[in-house]
Undergrad: 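Please read through the structure below; I'll follow up with questions.
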Amino acid sequence: MKSKFEPSEVEPRIYSMWENSGAFSAGANARKDFPSFCIMIPPPNVTGALHMGHAFNNTLQDILIRWHRMKGFDVLWQPGQDHAGIATQMVVERQLEEAGLPSRDQLGRERFLEKVWDWKEQSGGKIIHQLKRIGASCDWSRNRFTMDKGFHDAVLKVFIELYNQKLIYKGKRLVNWDPHFETAISDLEVEQVEVEGKMWYFRYPLADGESFNYPVEFDESENPVSFETRNYLVVATTRPETMLGDTGVAVHPEDSRYTHLIGKDVILPLVGRRIRIVADSYADPTKGTGAVKITPAHDFNDWEVGKRTNLPAINVMTSKGKMFLNANDDFLGNLDIPECTLELDGLDRFEARKIIVKLMAENGLLDDVQTEKHTVPHGDRSKIPIEPYLTDQWFLDTKKIVGPAIEAVKTGRTRIHPKQYEKIYFSWLENIEPWCISRQLWWGHQIPIWYDEEGNQYCAISEDEAKKMAKGKSLSRDQDVLDTWFSSGIWPIGTLGWPEATPELERYFPTNVLVTGFDIIFFWVARMMMMQLALVNDIPFSDIYVHALVRDKFGKKMSKSLGNVIDPIELIEKYGADSVRFTLTSMAVMGRDLKLSEGRVVGYRNFCTKIWNAGRFLQLNDCQIGPQFDPRNATNEINSWIIGEIAKTQEKVDNALNNYRFNDAANILYAFVWGKLCDWYLEFSKTLLKSEDPELVAETKSTLAWVYKQSLVLLHPIIPFETEELWGELYNEDTRIIHTDWPQLAVKEYEKAKATSEVEWIIGIIRIIRSGKSLLRVPPSAIIPLNVHIMTDKRYEILEKYQDFFERMARTKPLVDKRNPEFESINLDNESFVINVEGGGAISLPLGGVINLKLEKKRLIETRESLKKEISMLKTRLSNEGFVAKAPPEVVEETRENLLKLEEKILNTNAAVNGIQNLL
RNA sequence: GGGCGCGUAGCUCAGUGGUAGAGCACUACGUUGACAUCGUAGGGGUCACUGGUUCGAACCCAGUCGCGCCCACCA
């Protein structure tokens with residue numbers, strides 16, 4: 001065995017060994033009649049790179065997968081990648097531009113898509129390779145891509161089914177439009193960004209020479225007392241450029257300032273168009289001026305107002321967000337739209353804004369400007385303000401299929417962990433809006449709709465089919481593609497071969513756990529629920545584990561623009577995949593984001609080193625599990641103790657993982673392996689192995705080998721590489737650790753209570769001797785005497801039995817029986833450090849010349865004082881009737897026991913004080 | 001505006017009714033045959049604040065202050 005564990009050498013070797021031997025294949029290591037256990041990987045972008053969130057997400061999945069595989073379940077971890085419409089198209093377009101190649105438009109659809117496929121082929125393997133680096137044990141032979149033929153057709157099939165059920169329809173609606181990508185996006189892809197903005201107050205002159213009295217001063221009961229005569233209305237806006245598309249001004253039907261103006265017209269400044277003053281309760285008298293300009297084609301609320309009050313909608317922008325004033329798009333009414341003579345055509349909407357404000361000011365129509373913060377909707381990919389835009393789009397009527405998805409979680413058929421996310425899930429689903437599923441992109445699943453010359457729709461899986469339906473009419477296909485999340489929505493059934501009735505669908509669906517971040521609950525989780533239930537009438541998974549976000553050490557979201565991204569691959573190269581995995585696991589607390597700091601990784605890298613060195617110790621001592629060895633029959637107490645401890649650890653780890661308490665699992669293992677196995681048992685074993693009793697030596701070697709082996713198995717789901725390597729080094733097994741059976745150590749059978757309490761007592765004494773020596777600055781190498789003053793015979797015998805351990809582990813001389821039946825005073829024959837022994841008894845370390853008697857007396861008195869304090873605290877509690885009557889009996893009992901222990905300690909301390917006094 | 005979460009040791013975080021925990025960092029000592037990526041010992045916290053419930057509160061409840069996030073709206 002090498003003296004150091006070298007992840008960079010071991011990890012690739014072990015991973016290929018697993019992969020080449022089919023260790024990850026669906027059903028590998030499945031025991032007969034065991035149920036299936038299936039996890040669908042949240043498919044990463046095919047052209048993406050692994051970030052910390054992926055590393056975290058997939059580590060947790062891999063833990064669950066490896067754990068179940070070892071337990072004998074029929075396991076499938078289904079991997080795959082997502083085509084990521086906008087993101088991928090964006091990358092390829094940028095590459096073309098950087099390389100000075102023809103642009104998307106110049107290439108045309110077919111040739112552009114070839115470029116995208118090229119890029120996919122070129123970079124698509126990267127993310128898979130990176131997932132392998134962290135040790136993900138997916139069944140790669142089943143890898144799926146959302147644009148692969150089978151999956152592609154499944155997506156179209158879904159569209160066709162839902163279309164035929166009239167759940168998918170086309171309509172001209174106002175949608176969130178991204179002027180950069182020139183596509184519609186869904187509500188979810190819109191981010192609200194707070195910006196410092198301005199509110200402009202514009203005067204819109206009344207038509208036909210009208211004027212009115214506007215109240216300007218009020219008395220105490222808010223009645224107007226003075227008025228000014230106005231021949232204009234004032235409206236407020238944050239987006240002046242949209243005024244060119246104004247087709248009305250709304251006031252509240254009960255706003256007495258304006259009621260008499262309803263039905264009259266104003267002249268839209270700069271444009272000269274007459275637009276109507278309408279009554280609509282959307283206008284809030286308490287906001288702005290109470291009169292609100294209405295631009296139905298560029299504002300969601302205005303669109304609704306326009307529909308209610310029969311105002312036309314005039315689109316004033318191109319799909320790129322540039323002004324375009326003579327579009328003559330009049331979708332809601334039939335007003336005659338006079339030609340606009342303003343020369344703004346082709347100007348960017350924000351440039352136009354400046355000019356319009358300037359023109360309004362020049363015309364004396366700018367009433368006021370205020371600066372204020374407001375939120376502006378931005379495209380989550382383009383990061384520019386989206387534009388509400390009037391277009392033809394496809395929608396999925398989610399309201400009609402949402403019911404079962406809500407029901408499934410309400411009834412607990414699907415459980416969300418942690419539970420608090422259920423609320424978020426419900427609140428979104430219960431207020432769901434139609435889902436805009438069409439995108440004006442090229443990379444994606446092209447909508448399977450063909451149109452004939454009259455515009456009739458033919459929904460079919462292929463052009464041939466559509467032609468048949470159209471009875472030979474000449475057809476053209478809809479140019480739009482589907483939202484990427486539409487295809488992700490059928491990931492569970494799609495990857496298993498739906499719509500075919502495949503054996504995999506039969507075996508693994510519904511799947512068991514979905515492990516995902518909360519940021520895609522709406523995008524993905526809720527939609528999978530809806531779509532699976534709608535298509536195959538079953539839940540996609542029974543459990544949803546929602547994990548938190550990995551943030552940087554300051555709690556900031558990692559992002560490229562902030563430059564605070566920690567690359568998991570770099571961490572893996574520096575510390576090894578196992579260390580990174582253990583770190584993420586130990587921080588995976590439900591419901592709280594994790595701030596990753598490199599210090600944690602270092603700590604767990606050291607843990608991996610510790611495990612390695614313990615393995616070396618076993619090998620140096622030639623530890624193997626003897627053929628006759630049964631851990632339940634170990635005779636030596638120390639051996640029994642550690643056997644009991646590993647059994648308890650196994651139980652705790654299972655319990656933690658069953659409850660998705662990954663951090664508990666990691667911490668339990670850490671505490672056992674380092675705190676118990678290495679710190680104590682290995683040290684004890686050094687003495688045991690020197691025994692002259694060959695049976696004890698054999699039992700100890702077997703125990704070491706067996707307990708360490710169980711530890712490796714329990715660690716394997718979190719630390720797969722190193723445990724596999726150690727397994728190969730230390731144990732001659734037919735199977736690799738990845739396919740070893742997960743232990744089931746019934747604590748009742750494996751733990752010997754007597755051995756546990758005995759060894760724990762000894763550990764306590766060793767600790768306190770070490771502590772005493774250290775406090776008194778006795779050099780650790782100094783070997784000191786150990787006198788026993790107060791002790792029952794029974795306990796003294798135990799103490800004697802462990803003499804050799806005291807000598808090795810606390811550096812003491814053989815113990816000397818100085819017990820005196822008269823407990824009045826300890827018979828201290830030299831300057832001594834006195835120790836109260838847990839559970840009764842007193843020992844001393846005679847340290848002549850080393851310690852200052854007066855100081856030691858002072859220390860003892862201080863000890864006595866603190867004991868007194870504790871005692872009086874406990875006494876107060878026990879004399880409290882409420883406590884005795886209402887506290888649980890075991891708590892009262894425990895308090896009594898503690899009090900007795902303390903009282904014994906104080907007696908011993910008194911005796912020690914007296915002993916010292918005699919010497920002084 | 002609605003909702004969720006967080007505030008515990010210098011740092012990163014567990015704990016969640018019964019006398020405060022881990023890792024890292026810090027201090028002292030230490031090369032005993034697994035391990036200096038180590039060992040032993042130690043210092044360090046009125047568990048944000050204020051009230052309440054309780055025999056007992058870091059934990060439950062209410063409020064306050066600070067931080068973060070989600071949803072909605074924004075004339």
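FYI, side chains are in, hydrogens and waters are out, and symmetry mates aren't considered; it's all heavy atoms of this structure. Lettering follows sequence order; numbering is per chain, from 1. None of the values given here were measured: they were computed from a predicted structure.
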Undergrad: Would you indicate, yes or no, if B/U40 has its OP1 or OP2 atom less than 4.0 angstrom from a side-chain nitrogen or oxygen of A/Trp680?
TA: no

Undergrad: Do the side-chain N and O atoms of A/Ser586 and A/Asn663 include a donor-acceptor pair separated by under 3.5 angstrom?
TA: no

Undergrad: Quick one: the side chain of A/Lys423 and the base of B/C4, do they pair up donor-acceptor inside 3.5 Å?
TA: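 No such pair is found, so the answer is no.
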
Undergrad: Do A/Thr609 side-chain and B/C38 base share a donor-acceptor contact under 3.5 Å?
TA: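 Check fails, no donor-acceptor contact within cut-off.
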
Undergrad: Can you identify which nucleotide, out of B/C13, B/C70, B/C73, has its nearest atom closest to the A/Phe522 side chain?
TA: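 Given the options B/C13, B/C70, B/C73, the side chain of A/Phe522 is closest to B/C70.
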
Undergrad: Can you tell me, in whole Å, how much space there is between the C1' of B/C47 and that of B/U8?
TA: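 Rounded to whole Å, the distance is 4 Å.
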
Undergrad: Using purine N1 to pyrimidine N3 plus N6-O4 or O6-N4 for Watson-Crick, or N1-O2 and O6-N3 for G-U wobble, each under 3.5 Å, what pairs with B/C6?
TA: B/G66

Undergrad: For the pair made of CG in A/Asn431 and P in B/G2, what is the distance, rounded to whole Å?
TA: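 Going from CG in A/Asn431 over to P in B/G2 covers 16 Å.
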
Undergrad: Classify the angle between the aromatic ring planes of A/Tyr545 and A/Phe662 as parallel (below 30°), tilted (30 to 60°) or perpendicular (above 60°).
TA: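 Because their plane-to-plane angle is over 60°, the rings of A/Tyr545 and A/Phe662 count as perpendicular.
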
Undergrad: Between A/Ser774 and A/Leu620, which residue's closest nucleotide on RNA chain B lies nearer the 5′ terminus?
TA: A/Leu620

Undergrad: To the side chain of A/Trp674, which of B/A41, B/C38, B/U19 is closest?
TA: B/C38

Undergrad: Please state whether the base of B/U40 and the side chain of A/Arg770 form at least one donor-acceptor pair under 3.5 Å?
TA: no

Undergrad: If you check the A/Asn606 side chain, which of B/G15, B/C38, B/C69 turns out closest?
TA: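 My answer, after comparing the listed nucleotides, is B/C38.
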
Undergrad: Does A/Lys293 place a side-chain N or O at less than 4.0 Å from the phosphate oxygens OP1/OP2 of B/A75?
TA: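 Checking B/A75 against A/Lys293, no side-chain N or O comes under 4.0 Å of OP1 or OP2.
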
Undergrad: Salt bridge or not between A/Lys875 and A/Glu903? Use side-chain N to carboxylate O under 4.0 Å.
TA: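 Yes.
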
Undergrad: Salt bridge or not for A/Arg239 and A/Glu387, using N-O below 4.0 Å?
TA: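 Answer for the salt bridge query: yes.
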
